[in-house]
Colleague: 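One structure, pasted below without further comment.
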There are 4 protein chains.
Amino acid sequence: MSAPERRYVISLGCPDRTGIVAAIANFLAEHGGWIIEAAYHADPDTGWFFTRQEVRADSLPFDVAELRARFAEVARELGEQTDWRVTDTAERKRAMILVSRAGHCLYDLLGRVASGELDVDVPAVIGNHPDLADITRAHGIPFHHVPFPRAGTDPDAKAAAFGEVRRLVEAHDPHAVVLARFMQVLPTELCEEWAGRAINIHHSFLPSFVGARPYHQAHARGVKLVGATCHYVTAELDAGPIIEQDVIRVDHADAVPDMVRKGRDIEKVVLARGLRWHLEDRVLVHGNRTVVFH
Amino acid sequence: MSAPERRYVISLGCPDRTGIVAAIANFLAEHGGWIIEAAYHADPDTGWFFTRQEVRADSLPFDVAELRARFAEVARELGEQTDWRVTDTAERKRAMILVSRAGHCLYDLLGRVASGELDVDVPAVIGNHPDLADITRAHGIPFHHVPFPRAGTDPDAKAAAFGEVRRLVEAHDPHAVVLARFMQVLPTELCEEWAGRAINIHHSFLPSFVGARPYHQAHARGVKLVGATCHYVTAELDAGPIIEQDVIRVDHADAVPDMVRKGRDIEKVVLARGLRWHLEDRVLVHGNRTVVFH
Amino acid sequence: MSAPERRYVISLGCPDRTGIVAAIANFLAEHGGWIIEAAYHADPDTGWFFTRQEVRADSLPFDVAELRARFAEVARELGEQTDWRVTDTAERKRAMILVSRAGHCLYDLLGRVASGELDVDVPAVIGNHPDLADITRAHGIPFHHVPFPRAGTDPDAKAAAFGEVRRLVEAHDPHAVVLARFMQVLPTELCEEWAGRAINIHHSFLPSFVGARPYHQAHARGVKLVGATCHYVTAELDAGPIIEQDVIRVDHADAVPDMVRKGRDIEKVVLARGLRWHLEDRVLVHGNRTVVFH
Amino acid sequence: MSAPERRYVISLGCPDRTGIVAAIANFLAEHGGWIIEAAYHADPDTGWFFTRQEVRADSLPFDVAELRARFAEVARELGEQTDWRVTDTAERKRAMILVSRAGHCLYDLLGRVASGELDVDVPAVIGNHPDLADITRAHGIPFHHVPFPRAGTDPDAKAAAFGEVRRLVEAHDPHAVVLARFMQVLPTELCEEWAGRAINIHHSFLPSFVGARPYHQAHARGVKLVGATCHYVTAELDAGPIIEQDVIRVDHADAVPDMVRKGRDIEKVVLARGLRWHLEDRVLVHGNRTVVFH
């Protein structure tokens, strides 16, 4: 759906029972709420229920703050474990992007932002190398170079560098921290700090080929497809909840550089889709799995 | 979803307005209805609203007949154009299959029925050639051979043959009439008689390559993918509402017989998916387009 | 394959007969030619044979001019219909890009050129609207705005505009003229002038949805996949030899703008692949079909 | 390619050097050999060269035995590591199929054999459960039930059962031993005995989800695609050279039984493709990787 009018987006997860749909639908109907898009999922394994609904803002007689206050009462009746959120499409979101040297994902995201396809502000890009400063600034976006020590050489310098990254990121309180081929493993405390907001693109079809040089691993194993995975970052490397994955065919004639080239096209679209769904509040996390209402 | 318990399936389309979700949800909640699966779609182009809901049968205090009677009142309030249906998963459905000489789709469907994957009875198979009698009977299903005259030779004989097909089909009042590579064009009156129940598999990615010998057409055009389309049959050839499509890659090294071979694998899965969704009441037709809640 | 060393690329099509492979292989072996990549195709329908071979330049004792002169003798023995070409990867190619307002394909191509993924010079971009001047110039590439009259209003002005486009293009004698969502239909004389060099991206899975507004056509027909086609331009609209196609899944929830958005990602990769193969002399045209050795 | 005429198929791997293509092409040209299909691959990582060529049998003045004898001399000149094979499409191949309870792969293969799509004799099917006896015999093929003890209970009985399987298989000296969802791990000695002939279908996109219950593992990890892998069996579980893989999209609404159902369609086509390529001598194994000339 791509209707341009202002909408409120309600997303909610709670233990399943009879009457949840009615409770929410009644609340909205009572105030004349016009539902543009609604999705539901009842998970038989976990016994949880999930929903996401888009309501035309002009169909309700109150603003988002009052909607939140009133919906809190509906949510309370659904039990104390209920996890919910109400957002307003008129409140523009912010995404910080972290990069290293490979520019294809950054270039792709900036193009989508510039064309209006991806409806988000990018207050700044942070790189542990300066290579992507020019392309970033050509889009009118500040670039911060935060050098990192070589792997394993200087833990204090590394902690200091992450401290600087954290400071830069938190200055903008972003809705998403995008690791667009950022080649540094986030420390546990940042994973926790940014839980549910830090999004990584890993250049393999996880759980295959965790960690470094996944295309080299894929080539050595002789797989016939290579892929990419967009996931939330957690303390365990490449093991967070998966938002989106896709693959592309390779064959024996593809050496590692060919796999890298073909894989880049998949990395770009998988990250762009995952980020879009995150920003539109389409991704609900429960345990280590996601419900994606797209 | 593949929960084995008995469910009632409500599907409905009506002009969109505020309160539809609430009206249905309230009705169900009032009687303790436990919604297992629910899907909604509001179409901005047509201004129509569509929904499909699965409710645990044992959560409601009445049988399917009473559910229908009571739901009719809910539907009436949604306006006179409202188009709705309530089915009971305990009422096993029937599909008649019409074939010619190519056996791959029939063989595939019979395998899915035999293994229980496709939950339907096949009362009989009708062929305009006798080639597939043995494989049909090996599955314990009656096979009727109804010979057709050669194309364009004898309209009366053709009308008589279709009369016989009609008689055989209607003896079983099936929920689906599956044209599994049946190479005869249905007369208009049968298209109307079986509207919304006659399902065809066409061996191209429609609307490309309508009519005869689509793989030859595809080869001549030099396309890089070939496909298949599962659609409802209407009076205009290969122009009915599309239920499902898929494609497979081909290249210059694929002669027509290779395209035929690769295409067969797509025809089989596209027909199987389309038929499954039809039988599970997941396909809502509006004009010449479908809403498929899968 | 992405070996960086200099190579000579031989591509050839001729009527099939015994001994063609041997004739070429002997010629190369005689001079110590080291074949890095070789592909063959014998087409049973047309009776033609096609091959493409990459030879390490440093394995042969002569330069590309002498290779051409000597290979001409080999080709002559294969018959007068033989169509062949020898290129040198050290001779950098040139691609002119023609655009209108939609920037996604241009942006994508410029990113691939800037990163070195697409090994080509872009001497200039021509637009019939000025919208994409900034992004072009940000990549250090000249942009020429050639205004066109509104469709059907002024044939003389249109002819003059095409004359200007032709002059600008031919000043650079490019190996490829890329219509990257250029929304003007080339006049027949330009189609002929640029035959085998003018490459278009059409935003549908041809031959479906020829001409204007293909996503609107696709939406109206209710297809379940949308696609894109990269093809050589010929005098008949959207009917030239197809180089590459791909598709992406859509469903009933996708309104036209959603199809447009999803389709863009396919347009970009299909055009990038097709252009890459063209520039690497991987595409051999015969009649209205292509042999693509990728 | 699906030309029906009799062909000799030459496949060869050897260390790469100048003149290999010429040596083979000259040998064939000298005797008037008409090459119908030819494919080459030079692997830069291993320094090996691979080729597969199909020659019209009636274009050569000798039978396959003499072709083998003469080609042996060509191969000898290419070095002592050279690994080659010449087969005759007129010599019909044999495939033994090993199954357990799940019938979808067996049913699919038998349908392809019965329709002539898969050009192979199936002398017998062996099952460690009797479930699939009826479907096998309905195709006129003997079924042998070889019961296995429950996992971990009786190593001697298990060894005896494998001894019986081995005896039954080797009675037919098959070109392929197909593990069509056979749920027993082959002992090392059988892996070695049947090296390059034993083909397994694993119901995951390897190397993800090795071993038991891969769909359960996939569900727990929350992947967005499930897949299947056809590979040669080696002593290390699910780690042999991969012939073919493919995937299908799943989402949060797919419980394990849905993944199983969707995955079956992928298992069937991946196994059928892999087996077809193996039987047509299109798969060349080098180390733990395959070259597949399809």
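Residue numbering restarts at 1 for every chain, and letters A, B, ... go by the order of the sequence lines.
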Colleague: Could you tell me whether the side chain of A:D43 reaches within less than 4.5 Å of the side chain of D:H252, counting heavy atoms only?
Modeller: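 No, every pair of side-chain atoms sits at 4.5 Å or beyond.
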
Colleague: Heavy-atom pairs under 4.5 Å with chain D: which of A:G240, A:G227, A:G287 has the most?
Modeller: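 Highest number of pairs under 4.5 Å: A:G240.
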
Colleague: If you take all heavy atoms of A:A253 and D:H41, which pair is closest and at what distance?
Modeller: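 Between these two residues, the closest heavy atoms are CA-CE1, 3.7 Å.
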
Colleague: Between A:S208 and D:L206, what is the shortest heavy-atom contact and its length?
Modeller: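 The pair with the smallest heavy-atom distance is OG-C, 4.3 Å.
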
Colleague: Pick one of side chain, backbone, both or neither for D:F209, based on which atoms fall under 4.5 Å of a heavy atom in chain A.
Modeller: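 Contact with chain A is through the side chain of D:F209 alone.
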
Colleague: Does any backbone or side-chain atom of D:A220 lie under 4.5 Å from a heavy atom of chain A? Answer side chain, backbone, both or neither.
Modeller: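 Contact with chain A is through the backbone of D:A220 alone.
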
Colleague: CZ of D:R17: more than 12 outside heavy atoms within 6.0 angstrom?
Modeller: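 Yes, because the 6.0 Å sphere around CZ of D:R17 holds more than 12 heavy atoms from other groups.
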
Colleague: Would you indicate whether the side-chain heavy atoms of A:D45 and D:H219 approach each other to under 4.5 Å?
Modeller: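 Of all side-chain heavy-atom pairs linking A:D45 with D:H219, at least one is under 4.5 Å.
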
Colleague: Picking from A:V247, A:D251, A:V292, which has the most non-hydrogen pairs under 4.5 angstrom with chain D?
Modeller: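 Of the candidates given, the most pairs with chain D belong to A:V292.
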
Colleague: Could you tell me whether A:D246 and D:K224 make a salt bridge, using a distance below 4.0 angstrom between a side-chain N and a carboxylate O?
Modeller: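 No, this pair does not count.
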
Colleague: Measure across A:D238 and D:R221 and return the closest heavy-atom pair with its distance rounded to 0.1 Å.
Modeller: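 Looking at all heavy atoms of both residues, the closest pair is O-NH2, 3.4 Å.
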
Colleague: Counting heavy atoms not belonging to D:R213, are there more than 12 under 6.0 Å from its CZ?
Modeller: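 Check fails, neighbour count at 12 or below.
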
Colleague: Checking heavy atoms, do the side chain of A:H294, its backbone, both or neither come under 4.5 Å from chain D?
Modeller: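 For A:H294, no heavy atom lies under 4.5 Å from chain D.
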
